[in-house]
Visitor: 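I am attaching a structure below and will ask some questions about it afterwards.
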Amino acid sequence: MEDAEKAEKAFLERKVRKAFQTLLLQRGRNPGVKGWELKRHLGRDYRKILEVLSGDVRALGLEVHEVKGVDGSDDASRFLLRFRDPPTMTEAETSGIRIDDLAVLASSIAYINSRQGRAGRRELEQFLKEKFPKWRVDYSIERYIKKGYLDQDEKSLLRIGWRTRAEIDERTLMTLLLSRGSEVATAWGFPLTFDYLVNHLPPRLSLLLHSRGEVRGVRKSDSSPRE
Amino acid sequence: MGDRKLEDLLRVISLCASIQSSSANPFEVDIMEKLQVLKKHLPDWEFLDELLLDSEALYELAQIVKLQDLWLKQKATSLYIDPLLVQLKVKLLSRQALAESFVKSWHPIAQLDQLSPKGLEKAFVYWRDLRPFSERFKDQFGTYGARPGVVDYQDLVDLGIFTQEQFDSKMNVVYDELALTSKGEWIDYREFIESSEVEKKITRAYILAFLISDGMALVKTDPLTGKISIMPLPRRATGEAKSVAISVTEGT
């Protein structure tokens, strides 16, 4: 009986090790492994093995994450290893990523989400060019499309890409962006309150944004920002 | 009459296409009304082309219904925020604040890049077909510019700034002027080359340097006062030549 248990345990360990290696090593152009590939490598019970693996890599600050495919089937899902917790700003900076690049991506995601998940490329470019240099906008959008953060169709409509779905907690991002309203005055370096700014906007926008005791669209229960 | 009906169909198709190719609200299309139009015209279609156009219009309307479905789903999630609010927020927030919000919601993918035989082959082919650096941008930018150096008379002739005849005549003009001004005596170099235009001043200094090198004029410097004097010679001087560096700048 014990031998059978030991054998089963060894078998599971072997499978988990194989799953880890499969997920870690990039095969094709994009990271992650599709469900049908995992089924072929690990067998039908690959989800259970991934669960065990996710628990094992927790100590390393990682987790197994699933990104649903277009048709929502298991085979089309993409599985990948990702950081369990977001990195700190310092860690992100030391990895060589520019703050401006991150700001462009954050703005793009927020804009597309606010436009019901699709926005014309020109519209987005015009919007971003009000804040960022033209060359950076053109360069960044192209790069994020290539990396999979944004998706562009043949009609030049941009959507949220698979990589954004994989790496970014969009709900947290939107909540954080909205909840940062009170920092406006300090960011500008002079004591203007948000209400002051709102009152000096066109009437329609002012009515829409006027503070009514709490910042619109932010629920404390939704946010789980890491301090 | 038939043309007008066809126009109705084309208008439906065009409207649906414009909604699909922009981020406009798909609910701006009144599906019921458009279907009524198609239904009304359907018995009048006789030819295959007309029926195909009708089916295309129906397909485009179906696409709009699909978009409406996605629109509602998106709006139902908590990700929906009024576009105006988002635009205002993004405009007001600093880049640092935007980046911080992003990083706090970011879970980077952990992966290892590896070199596969296919990748190695691709790199080899790339390297093999890569043209040498010296030839790569020749088509776009021509040959590379020369390093900073000395421009001699031949270079100026080659560049088309001077022709041989122009230069010779200019040298003669400057020599005659020097002879006339100095009357065979030493005169101040800087006073001689002085001109209201910088280009003219430098040109005179340049030509004078050739006259001196050619032995048609003498130059002497006073190390105590720094004064430089020149004097024309009636005939070409012989003897050992020495180099004197004189800086000529605007205003001096």
Side-chain angles (χ1 to χ4, degrees), chain A residues 24-26 31-32 62 65 80-89 92 99-100 102-103 105-107 110-111 113-120 123 127 130-131 155 157 163 166-174 176-178 180-181 183-184 187 197 201 205 208-209 216-217 219 222 225-226, chain B residues 16-28 60 63 66-119 122:
Chain A
L24 196 64
L25 292 177
Q26 186 175 338
L62 299 173
H65 183 70
L80 32 83
L81 278 173
R82 67 173 204 177
F83 283 29
R84 178 174 285 277
D85 298 313
T88 62
M89 197 63 196
I99 281 181
D100 282 357
L102 296 179
L105 184 54
S107 308
Y111 185 81
N113 272 333
S114 74
R115 311 284 295 186
Q116 282 68 49
R118 66 193 188 115
E123 292 169 41
F127 169 65
E130 289 174 24
K131 192 171 182 74
K155 289 171 186 163
L157 276 176
R163 196 165 187 144
E167 291 190 355
I168 295 150
D169 186 343
E170 292 172 74
R171 186 172 297 183
T172 306
L173 174 66
M174 299 305 273
L176 284 170
L177 287 178
L178 289 176
R180 280 184 174 264
E183 292 176 19
V184 170
L197 293 166
L201 290 168
L205 198 57
L208 182 75
L209 302 176
R216 272 193 68 190
R219 291 194 296 272
D222 279 348
R226 212 175 58 139
Chain B
C16 295
S18 68
I19 293 284
Q20 284 178 69
S21 59
S22 70
S23 57
N25 185 350
F27 284 96
E28 283 173 12
E60 293 292 342
Q63 292 297 311
K66 190 179 164 190
L67 270 182
Q68 289 178 344
D69 175 57
L70 288 171
W71 180 278
L72 279 179
K73 278 180 184 164
Q74 175 75 16
K75 213 161 181 173
T77 65
S78 59
L79 296 177
Y80 174 75
I81 304 159
D82 193 288
L84 287 173
L85 179 60
V86 171
Q87 286 177 32
L88 184 77
K89 282 282 182 181
V90 171
K91 275 180 196 171
L92 293 182
L93 287 177
S94 65
R95 293 175 193 183
Q96 178 79 21
L98 284 166
E100 274 175 15
S101 301
F102 179 86
V103 168
K104 281 180 179 175
S105 54
W106 187 31
H107 301 261
I109 293 173
Q111 67 176 66
L112 277 177
D113 287 330
Q114 57 177 338
L115 192 58
S116 62
K118 203 176 170 185
K122 218 172 153 185

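Only this structure's heavy atoms are used, side chains among them; waters, hydrogens and symmetry mates stay out. A, B, ... follow the sequence lines: proteins, then strands. Residue 1 opens every chain.
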Visitor: Say you draw a straight line from NZ of B/Lys104 to CD1 of A/Ile168; how long is it, rounded to the nearest 0.5 Å?
Guide: 16.0 Å

Visitor: Is there a side-chain contact between B/Leu70 and A/Arg118 (heavy atoms, below 4.5 Å)?
Guide: no

Visitor: Report yes if the side chains of A/Leu102 and B/Leu98 come closer than 4.5 Å at any heavy-atom pair, otherwise no.
Guide: no

Visitor: Is the count of non-hydrogen atoms from other residues, nucleotides or ligands lying under 6.0 Å from B/Lys122 atom NZ greater than 12?
Guide: no

Visitor: Using ring pair (Phe, Tyr, Trp, His ring centres under 6.0 Å) as the criterion, list what pairs up with A/Tyr111, not counting sequence neighbours.
Guide: A/Phe127

Visitor: Within this structure, what is the CD-NZ distance for the pair B/Gln87 and A/Lys131, rounded to the nearest 0.5 Å?
Guide: 12.5 Å

Visitor: Is there a side-chain contact between B/Leu93 and A/Leu177, using heavy atoms and a 4.5 Å cut-off?
Guide: yes

Visitor: As an exercise, state the distance from OG of B/Ser105 to CZ of A/Arg171, rounded to the nearest 0.5 Å.
Guide: 13.0 Å

Visitor: Which bit of A/Ile99 comes within less than 4.5 Å of chain B, counting heavy atoms only: side chain, backbone, both or neither?
Guide: both

Visitor: Most heavy-atom pairs under 4.5 angstrom with chain B, which of A/Gly120, A/Gly117, A/Gly32?
Guide: A/Gly117

Visitor: Looking at A/Ser107 and B/Val90, what are the two nearest heavy atoms and their distance?
Guide: OG-CG1, 3.4 Å

Visitor: Are side-chain heavy atoms of B/Val103 and A/Met89 found at a separation under 4.5 Å?
Guide: yes

Visitor: Would you mind checking which part of A/Leu80 comes under 4.5 Å of any heavy atom in chain B, side chain (CB onward), backbone (N, CA, C, O), both or neither?
Guide: side chain

Visitor: Nearest heavy-atom pair of B/Trp106 and A/Pro87: which atoms, and what distance?
Guide: O-CD, 3.4 Å

Visitor: Roughly how far apart are B/Ser101 OG and A/Leu176 CG, rounded to 0.5 Å?
Guide: 5.0 Å

Visitor: Would A/Arg115 and B/Val86 count as a side-chain contact (heavy atoms from CB on, under 4.5 Å) if you check the C-alpha gap in whole Å, the side-chain angles of each, and the deciding distance to 0.1 Å?
Guide: CA-CA 10 Å; A/Arg115 311 284 295 186; B/Val86 171; over 6 Å; no

Visitor: Which answer fits A/Leu173, side chain, backbone, both or neither, if we ask what part of it has an atom under 4.5 Å from a heavy atom of chain B?
Guide: both

Visitor: Applying the side-chain contact (heavy atoms from CB on, under 4.5 Å) test to B/His107, which of A/Arg82, A/Arg84, A/His65 qualifies?
Guide: A/Arg82

